[in-house]
Number of protein chains: 2
Amino acid sequence: MELKRAAEGEKGFEKVFAFLRERLLAGSLKPGDRLISERELATLLGVSRPIVREALRALTVLGIVEIRDRIGTVVTRPDVSVLNDFFTFALAQQADMLDDVMQARVAIECQAIRLACERANIADFERLQRTLAKIGETIDEADAGGMADFEFHRAIVVASHSETLTVLHSSMAGLLTHSHRSRRELVQAFPSMKTYLIDDHRRIFDTIIARDPERADATLRKHFAIGDEYRRRAVVGDIDKTSDKTSASR
Amino acid sequence: MELKRAAEGEKGFEKVFAFLRERLLAGSLKPGDRLISERELATLLGVSRPIVREALRALTVLGIVEIRDRIGTVVTRPDVSVLNDFFTFALAQQADMLDDVMQARVAIECQAIRLACERANIADFERLQRTLAKIGETIDEADAGGMADFEFHRAIVVASHSETLTVLHSSMAGLLTHSHRSRRELVQAFPSMKTYLIDDHRRIFDTIIARDPERADATLRKHFAIGDEYRRRAVVGDIDKTSDKTSASR
DNA sequence: GTCTGATCTTGGTCAGACCAGTATGCTAAC
DNA sequence: GTTAGCATACTGGTCTGACCAAGATCAGAC
């Protein structure tokens with residue numbers, strides 16, 4: 001009695017969701033397809049329209065389907081925003097997870113740069129070149145600089161031509177931009193950092209151009225390690241001249 | 001009559017969802033908290049109950065909230081299953097994504113093993129030891145063997161003591177178990193694989209014991225590469241003696 | 001003090017209705 | 001014959017009000 005999985009014992013929402021999931025997974029519903037109307041779906045499955053809407057809304061947040069006002073519901077290509085939403089919520093409730101996410105970010109990027117070495121094309125190189133130049137131009141600006149930094153790293157991931165890696169990386173973007181920005185705020189504190197930021201990114205770029213996965217990975221990893229070191233030094237109070245900067249943004 | 005169209009431009013579902021998201025992200029709604037009833041929420045936000053249910057259902061599939069029948073809606077700790085669902089759907093519609101996910105898996109695990117070298121404790125070592133032994137014991141069984149293989153790799157990630165990495169890794173678990181299993185089916189085809197499976201995992205284990213991140217990463221990476229190679233060879237028809245095995249499971 | 005049952009509340013669901021635009025087809029004008 | 005125009009049948013978006021089943025609660029009986 002407790003498990004009525006046998007028949008169509010599922011009730012309401014589950015029934016509709018299962019019905020749609022089945023078609024989706026089986027492939028009889030492919031991206032671009034238009035679902036039958038909510039009303040039809042309701043009568044077809046013997047449930048009310050609000051229930052159907054619940055199921056459709058569920059699929060919407062999963063990025064599988066898109067409800068278009070007055071048009072209909074269409075199957076979409078799986079979207080990134082789901083992971084984005086999830087991480088946003090998940091991290092909001094566990095702030096200590098930020099350091100953890102950084103680790104995941106390192107993981108993603110190091111793998112991405114390996115793939116980038118193999119798969120990057122001219123367009124990717126150009127994008128990397130552009131973003132690299134941007135880093136040099138915005139070296140003295142916290143916001144723009146942080147953005148440029150992020151764009152460069154994103155370009156690496158994009159160059160991996162891996163949808164999954166890109167998705168994972170961008171889903172952490174929101175959290176990472178902050179770290180990029182705060183790193184830039186340290187530039188004024190550590191003059192040496194200016195060199196580090198420019199040269200290091202340049203070195204990373206070179207490894208991709210050279211298509212040397214091992215060296216790319218190692219260089220990128222070192223890049224992160226040095227960044228950590230700077231941040232650590234800042235935390236322990238190695239800064240004196242720009243204490244206003246750091247305190248202001250915290 | 002149309003109250004609040006002016007203020008909160010969002011309509012219906014968006015309004016409720018935004019309202020809840022705000023509280024969730026701000027932290028005023030923490031895991032374990034019970035939300036106000038659907039009816040109250042409806043009147044509070046000036047929408048109908050079905051709309052509120054849509055929003056709650058959306059949060060449910062995101063694993064942020066749990067609707068308990070006749071009890072209420074409570075905030076839960078973000079769950080991995082969302083990612084699982086997502087990948088399942090995403091994969092069904094883009095089969096080529098599997099290879100992509102494998103790359104992400106490699107990324108996660110290689111980062112995890114590095115952390116594991118630093119952070120693994122006695123309990124982690126014991127778990128690794130246990131799962132390693134299991135691999136040897138179940139070397140001739142496809143199902144149990146695949147499971148043991150997976151458990152070992154999971155133990156590595158767990159030993160990294162990184163929540164995020166663990167979450168990401170297990171979210172791909174559903175897909176990976178299949179790959180683990182199919183790999184095991186190749187054991188009969190390639191006698192040499194038996195050695196590969198046992199010795200290679202042993203080597204990986206040793207690197208963690210030695211707390212040598214670089215070697216661990218490299219060894220694990222090579223492990224995956226060899227696995228890929230076996231799979232590639234199987235695909236191109238390098239198997240002759242056990243064609244029944246492979247055709248049966250496909 | 002404990003047990004029991006009525007009542008309140010909660011989620012789960014339904015039916016029917018209205019609105020606002022879209023899509024379509026049919027008519028009427030050119 | 002072609003096309004401009006409009007009526008109509010859709011679609012999603014939403015609301016109202018209602019009923020059910022079962023957990024939660026508390027008053028009253030024992």
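No hydrogens, no waters, no symmetry mates; every other heavy atom, side chains included, goes into these values. Bear in mind the structure is a predicted one, so any value in this text is a computation, not a measurement. Every chain is numbered from 1 and lettered A, B, ... according to where its sequence line falls, protein lines coming before strand lines.
We find that A:Arg105 and A:Glu109 are joined by a salt bridge, their nearest charged nitrogen and carboxylate oxygen being less than 4.0 Å apart.
The two residues A:Ala120 and A:Ile208 come nearest to each other via the heavy atoms CB-CG2, 4.4 Å. Nearest heavy atoms, A:Phe13 versus A:Ala55: CE1-CA, 3.5 Å.
Of the possible donor and acceptor atoms, one in the side chain of B:Arg119 sits under 3.5 Å from a partner among the backbone N and O of B:Ser160. Side-chain atoms of A:Thr76 come within 3.5 Å of backbone N or O of A:Gly63 as a donor-acceptor pair.
Judged purely by distance below 3.5 Å, without hydrogens or angles, the side chains of A:Thr166 and A:Glu163 never pair a donor atom with an acceptor atom.
For the contact set between residues 41-51 of chain A and DNA chain D, defined by any heavy atom under 4.0 Å, the members are A:Arg49.
For A:Ile71, whose side chain is taken as the heavy atoms from C-beta onward, the closest listed nucleotide among D:dG12, C:dG11, C:dT22 is C:dT22.
Dashed line: the shortest gap from a side-chain N or O of A:Ser37 to OP1 or OP2 of D:dT11 is under 4.0 Å. For D:dG12, the OP1/OP2 oxygens have a side-chain nitrogen or oxygen of A:Thr73 closer than 4.0 Å.
Test B:Leu29, B:Leu62, B:Asp33 against B:Leu24 for side chain to side chain contact (heavy atoms under 4.5 Å, CB included) and you get one pass: B:Leu29.
For the pair B:Glu54 CD and C:dT13 C1', the computed distance is 14 Å after rounding to whole Å. The interatomic distance linking B:Arg34 (CZ) with D:dG23 (C1') rounds to 12 Å, in whole Å. Put simply, CG on A:Asp69 is 13 Å from C1' on D:dC10, counting in whole angstrom units. With rounding to whole Å, B:Glu38 atom CD is found 10 Å from C:dT13 atom P. With rounding to whole Å, B:Ile67 atom CD1 is found 12 Å from C:dT10 atom C1'. Distance B:Phe13 CZ to D:dC15 C1': 17 Å, rounded to the nearest Å.
Within the 4.0 angstrom heavy-atom criterion, only backbone atoms of the sugar-phosphate kind lie near B:Glu40; the bases stay farther away.
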Show each protein N/O and nucleotides 20-22 of chain D N/O combination with a separation under 3.5 Å, one pair to a line.
unit_1: D:dA22; atom_1: O4'; unit_2: B:Arg70; atom_2: NE; d: 3.4
unit_1: D:dA22; atom_1: O4'; unit_2: B:Arg70; atom_2: NH1; d: 3.2
unit_1: D:dA22; atom_1: O3'; unit_2: B:Arg70; atom_2: NH1; d: 3.3

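Aromatic rings from A:His201 and A:His153 are positioned such that their centres are separated by under 6.0 Å.
Between B:Phe89 and A:Phe17, the ring-plane angle classifies as perpendicular under the 30° and 60° cut-offs.
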